[in-house]
Amino acid sequence: MEDKLKFLLVNPTAPQWQVKPGRKPRRSTKTFRFSMLPSLHVAASMPPDVETRIIDEDIEPIDFDSDADIIGISFMTFNAPRAYEIADKFRNEKGKTVIFGGFHPTFMPDEAAPHADAICIGEAEPNVPRIIEDYRAGKLQKTYYNGLADVSNLPILNRDLIDKSQYITPWALQATRGCPHRCTFCSVSTFHQHNHRTRPIEAVLEELRCMGKHVLFMDDNLVGEHEYAKELFSRMIPLKKTWFGQGGINIAYDDELRQLAAASGCHGMFIGFESLSEDNLRDSHKRFNKSSEYKQVVKILHDSGIGVFAGFVFGMDNDRPDVFKTTLEFLHESGIDLLQATIQTPFPGTELFEQMDKEGRIFCKDWSRYDFTQVVFEPNHMSRHTLKHGCDWVRSNFYSHPAIWRRVKRAFGYLSPFLSFACIGVMNYNYRTRCTVNHIMESGKHFRV
Ligand code: SF4
């Protein structure tokens, strides 16, 4: 019988979030840690004779003296420089075999190649057994092109591979993968080849039955297919879960879908509103969002007992310096519960990146700056300085103490007191802490309305 192979899966992070040796992870950033679902899926795809360990650099330092045979590193764009640093150290100083996977190496394989022994393009799971076989045979290939994973029969995840206490909830799952839309700034859709795949509902229910009460759907667009979502939600009702998810604005327009979501325990949805400008929505292929209806959308969701976590992007080509004031007024008036305000970022793999790169507008390719808080391209109708400080001004005002308490008080009208405090209150304050650590509260003061 062959020896057990040891596989270490590493999740790199930005320097300000790394846990230093001997220190504990920050409690306030727990809100932003989402249970390592992709790594758990890769681990579950390993053949039985492979022992897998997961290190999340957000919660523990990397053990460079690990006795693992293979180091797998999965990364996005913002943590690519850190991933290369880790890979170089493991390969050059420790003689380890390093394999890359994730969004950034998928879209930038030539850049990633010198730092790794092999690269997985696309979802790694379908090729994991073959990679292990090739490694054992000494025939590891430089590149593995993966088709989309077959989600009809996903293996059961071993959540004991992570420290459950360190994540917002250990009970994260996906019922679907990908998104049917093609927004120009979105790499999710490209990564999944513009495909929206649904798992068998019985398999999702089986997974849910083994989970705790509070569940997080990590789907890119949980309501991408209405009929599927309706059946899932209706069959979830007897499970009595409380859940949060991410989906399109369409959930507000389909009464049956929304009512079933609420009846099955939905208490919050992240929705990418993106912009109040219809021109921006048109240019980014997101015309299905109608900004004139946003306030009504928020009200409808609140009336159903669903909190609204909104994503807004600043610096799109039709934005002018007045966008910050107009959007902040809208955010306050509409009653949005939580905000993810980001500076437009042209990620590799997106149509936006191709277009801006061709136009010579991307002035910075230091990927560590691609964290949604920094300007890396030349804006169309404002200076880089205005874009940076304007976006920070929106965030710092939205997360001011009086504004947070107004939201908590208002949430009592549509959420339970527990959810108003534990979700709206705590998450707002965690966002505020994140803004403080990233110097956003300070930077926002430099913007003049
Ligand atoms: S709807 Fe959302 S997930 Fe789908 S392509 Fe657009 S931004 Fe991406």
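Note that ligands are numbered from 1 as they come in the structure, with each ligand's atoms numbered from 1 the same way.
The closest donor-acceptor contact from the side chain of Y294 to the backbone of S275 lies under 3.5 Å.
The aromatic rings of F398 and H332 sit parallel, their planes meeting at an angle under 30°, below the 60° perpendicular limit. Taking the six-membered ring for Trp and thresholds of 30 and 60 degrees, H302 and Y414 have nearly parallel ring planes, at less than 30 degrees apart. Using the six-membered ring where Trp is involved, W405 and Y429 have ring planes that are tilted, between 30° and 60° apart.
Ring-centre distance between F363 and F377: not below the 6.0 Å cut-off.
Set against the non-hydrogen atoms of K286, the atoms of ligand 1 under 4.0 Å away are 1 (S), 2 (Fe), 7 (S). Listed by number with element, the atoms of ligand 1 under 4.0 Å from a non-hydrogen atom of S189 are 5 (S).
Here C183 does not reach atom 4 (Fe) of ligand 1: none of its N/O/S atoms is less than 2.8 Å from the metal.
The nearest heavy-atom contact from the protein to atom 4 (Fe) of ligand 1 is C179 SG, 2.2 Å. The protein non-hydrogen atom at the shortest distance from atom 8 (Fe) of ligand 1 is C186 SG, 2.4 Å.
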